[in-house]
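Letters A, B, ... are given to chains in the order of the sequence lines, protein chains preceding strands, and every chain is numbered from 1.
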2 protein chains.
Amino acid sequence: MTRRQEIIKSAKTLFRERGYKSVSMRDLAKAMDFKAASLYNHISSKEEILAEIAMDVAHYFTREMELVRSIDINTRTRLEAVISHHIDLTVTNPEAIAIVNNDWMHLEGNNFEEFLKLRNAYEQDLRDIINKGVESGELKSKNTEVILFSTLSTLRTLHLWYRKRSGVNGQQLKNDITEILLNGILTKA
Amino acid sequence: MTRRQEIIKSAKTLFRERGYKSVSMRDLAKAMDFKAASLYNHISSKEEILAEIAMDVAHYFTREMELVRSIDINTRTRLEAVISHHIDLTVTNPEAIAIVNNDWMHLEGNNFEEFLKLRNAYEQDLRDIINKGVESGELKSKNTEVILFSTLSTLRTLHLWYRKRSGVNGQQLKNDITEILLNGILTKA
DNA sequence: GTCTATACACGGATAGAC
DNA sequence: GTCTATCCGTGTATAGAC
């Protein structure tokens, strides 16, 4: 692991705990047992660290969505795949997801624009999947946006809940979340 | 409206747009067309503004939950009431909800503790409602925590989506969200 | 009740010695 | 590649004139 990677790893922990804006370069350096000035031999700015974390996440989701789009399957299976890749990243990299959720607004210039483009494209792809499911009769014809929003809200904030009770089996979690998102929480009357 | 209330109103807009930590007292003063020093005739610190915003929200939810608990109704109706009061506050005070979600961690000392106490109590009350519904057979015996988390995630982040398309009818929104949370997004086979 | 002036800590970042 | 020293802007907050 390079020094640069170590810095980003430490930053993930601190940014996640206290928020990007509240963590100073001196804090970050102290956590790694050296001085703030030394960080600049490995990274060129604080925002560059945030950008690397955010872009990794954005590219992961873009890549996974490409996969979901490229295969000819029904809507239910597509949604299961979407749920699955969200949960995979939540389990392997919860800090990054948290940071992206809370602090992507602090990306600057080109990073901000590029990130937002990928994020919007992802949402549009998911919207398309849902719309197709509504057309085919697989999904309720309720407001598409409500379905999109409630699904993404749950998946994007799963990290909050997962941290509190980690050790939960990944596959079991996928099954439970899929069931609840697709079929709701009520027992069938 | 007192000066103090005007300050808090302006702060809600700015904190919501850029995050509590990124808004300086100078920024806030500029938005109100006076100088930072003058703010301190009406409030005693920046954190006091955050605390007032957060406590208002916490007390609102505590009050509403008391109401839900005090009436003897079935689980479905209780959950509908919970959804309803979340949506009401989202419609009337979306900035406050956003700020509480993102920045409650920046509350200090006693404010932090008091807020967290109320928040945890609220979650416990909702957990009790869900557990009771599982026992009575009204809710699926899937993991209670998954039900709790997916419901709260959706309700707490509704403000993000509501802002983009405000003007949506409140009652229609309640109906759609209730339907999707309780019965899921799939059509019945 | 608002202003100017200012205190003083802390922010990101750089220069240059080692 | 890490250090010390430092630059300089910005942060919250206060003092005291008006």
Side-chain angles (χ1 to χ4, degrees), chain A residues 1-55 95 99-100 102-113 115, chain B residues 1-55 99-100 102-112 115:
Chain A
M1 202 180 214
T2 65
R3 233 343 65 133
R4 184 189 165 88
Q5 288 172 316
E6 285 173 0
I7 291 170
I8 289 170
K9 189 180 172 189
S10 278
K12 275 186 192 173
T13 304
L14 294 181
F15 290 173
R16 148 82 226 213
E17 279 170 357
R18 288 148 50 191
Y20 172 72
K21 281 284 180 182
S22 299
V23 175
S24 71
M25 295 302 271
R26 288 172 172 87
D27 292 335
L28 181 52
K30 188 174 282 179
M32 305 196 62
D33 260 315
F34 48 78
K35 301 295 174 184
S38 309
L39 295 171
Y40 290 89
N41 279 305
H42 307 284
I43 50 105
S44 69
S45 72
K46 185 186 175 188
E47 194 256 356
E48 188 185 83
I49 300 174
L50 179 64
E52 179 153 331
I53 294 168
M55 284 311 184
E95 296 88 359
I99 293 162
V100 167
N102 299 328
D103 291 318
W104 66 267
M105 54 152 66
H106 298 120
L107 291 168
E108 291 163 27
N110 214 48
N111 291 329
F112 180 89
E113 278 164 35
F115 175 85
Chain B
M1 204 181 211
T2 66
R3 246 316 90 123
R4 185 189 165 88
Q5 288 172 317
E6 286 172 0
I7 291 170
I8 289 170
K9 188 180 172 188
S10 277
K12 275 186 193 173
T13 304
L14 293 181
F15 290 174
R16 147 84 226 213
E17 280 170 358
R18 290 148 49 192
Y20 172 73
K21 280 285 180 183
S22 299
V23 175
S24 71
M25 295 302 271
R26 294 193 231 269
D27 292 334
L28 180 52
K30 188 175 281 179
M32 305 196 62
D33 259 317
F34 48 77
K35 302 294 174 183
S38 309
L39 296 171
Y40 290 89
N41 279 306
H42 307 283
I43 50 104
S44 69
S45 72
K46 184 186 177 189
E47 195 256 356
E48 188 186 83
I49 300 174
L50 179 64
E52 179 153 332
I53 294 168
M55 284 311 179
I99 293 163
V100 167
N102 299 328
D103 291 318
W104 68 267
M105 52 152 65
H106 298 120
L107 291 168
E108 291 164 27
N110 212 48
N111 291 329
F112 181 90
F115 175 85

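The ring-ring contact (aromatic ring centres under 6.0 Å, His included) test applied to A:F34 returns no partner, not counting sequence neighbours. Residues satisfying the side-chain contact (heavy atoms from CB on, under 4.5 Å) test with A:E48, not counting sequence neighbours, are A:R4, A:I43, A:S44, A:S45. Residues meeting the side-chain contact (heavy atoms from CB on, under 4.5 Å) test with B:K12, sequence neighbours left out: B:I8, B:I53, B:N93, B:E95, B:A96, B:I99. For the side-chain contact (heavy atoms from CB on, under 4.5 Å) test, residues two or more places apart in sequence or in another chain that qualify with B:E6 are B:M1, B:R3, B:M32. When the side-chain contact (heavy atoms from CB on, under 4.5 Å) test is applied to B:R26, the partners found at least two apart in sequence or on another chain are B:S24, B:A36.
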Sub-3.5 Å pairs of nitrogen or oxygen atoms, protein against nucleotides 6-11 of chain C:
residue, atom, partner, partner atom, Å
C:dG11, N7, A:R26, NH1, 3.4

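Between B:D33 atom CG and C:dG1 atom P the separation is 18 Å, expressed in whole Å. Rounded to whole angstrom, the span from the OH atom of A:Y40 across to the P atom of C:dG12 amounts to 6 Å. Separating the CG atom of B:L28 from the P atom of D:dT10 is a distance of 17 Å, rounded to the nearest angstrom. The interatomic distance linking A:I7 (CD1) with D:dG1 (P) rounds to 11 Å, in whole Å. Residue A:K35 contributes atom NZ, which lies 15 Å from atom P of D:dT6 at whole-angstrom precision. At whole-Å resolution of the value, CD in A:E47 and C1' in C:dA13 are 14 Å apart. As a whole-Å value, the separation of A:H42 NE2 from C:dA13 P is 15 Å. To the nearest angstrom, P of C:dG1 lies 12 Å from CD of B:E6.
For C:dG1, the OP1/OP2 oxygens have no side-chain nitrogen or oxygen of B:S38 closer than 4.0 Å.
Distance from the side chain of B:S45 is smallest for D:dA13 among the nucleotides D:dT4, D:dA13, C:dA13.
Using a 4.5 Å heavy-atom cutoff, the side chains of B:Y20 and A:K21 are not in contact.
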